[in-house]
Amino acid sequence: NWDEDKLIETLGNGHFVKKEGVLKNYQYYLKKCFVDIFLLKRNGVYLVNYVETRPTKLNGKININDCLKEIKQILN
């Protein structure tokens, strides 16, 4: 139930933001993982629709627990 303003207020501006039509993708580069947050525009407002994590190295492995801990630290 987050809109774009809540996302930026909580996680800050993305390290990379891509916009295509009604879709926006905010990318956050953390120490343990990268986080992609996809927002869809509805009624003039961008709302979070999907979140994906990925490793920081190409073809690397992600330790999802470490990634989630880092995200949790940012949220608290």
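Just so we're clear, the structure is a prediction, and the values are computed from it rather than from any experiment. Throughout, numbering of the chain's residues begins at 1 and tracks the sequence.
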Tell me, do Arg54 and Asp36 make a side-chain contact under 4.5 Å, heavy atoms counted?
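Yes, their side chains come closer than 4.5 Å.
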
Hey, are the side chains of Asn49 and Arg42 touching, using non-hydrogen atoms and a 4.5 Å cut-off?
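Sidechains of Arg42 and Asn49: in contact.
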
With a 4.0 Å cut-off, would you call Glu20 and Lys18 a salt bridge?
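Answer for the salt bridge query: yes.
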
Measuring from atom [atom1] of [X] to atom [atom2] of [Y], what distance do you get when rounded to the nearest 0.5 angstrom?
| X | Y | atom1 | atom2 | result |
| --- | --- | --- | --- | --- |
| Leu11 | Leu75 | CG | CG | 6.0 Å |
| Asn25 | Lys19 | CG | NZ | 13.5 Å |
| Cys33 | Ile64 | SG | CD1 | 6.5 Å |
| Lys69 | Ile74 | NZ | CD1 | 14.5 Å |
| Gln27 | Ile37 | CD | CD1 | 10.5 Å |

Side-chain heavy atoms under 4.5 angstrom apart, residues restricted to Ile, Leu, Val, Met, Phe, Trp, Tyr: same cluster for [X] and [Y]?
| X | Y | answer |
| --- | --- | --- |
| Leu23 | Leu7 | no |
| Leu68 | Ile62 | yes |
| Val45 | Val17 | no |

Return the minimal non-hydrogen interatomic distance between [X] and [Y], and the atom names on each side.
| X | Y | answer |
| --- | --- | --- |
| Thr10 | Trp2 | CG2-CH2, 3.5 Å |
| Val22 | Tyr46 | O-CE2, 3.6 Å |
| Thr56 | Lys31 | CG2-O, 3.9 Å |
| Tyr26 | Leu39 | CD1-CD1, 3.4 Å |
| Pro55 | Gly60 | CG-O, 3.3 Å |

Atom CG of Asn76: over 12 foreign heavy atoms under 6.0 Å
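Yes, the 6.0 Å shell around CG holds more than 12 heavy atoms from other groups.
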
For Phe16, the hydrophobic cluster (side chain heavy atoms closer than 4.5 Å, chained through members) also holds Tyr29, Phe34

Phe38: what forms a ring pair (Phe, Tyr, Trp, His ring centres under 6.0 Å) with it, not counting sequence neighbours?
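Counting only residues at least two positions away or on another chain, Phe38 forms a ring pair (Phe, Tyr, Trp, His ring centres under 6.0 Å) with Tyr50.
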
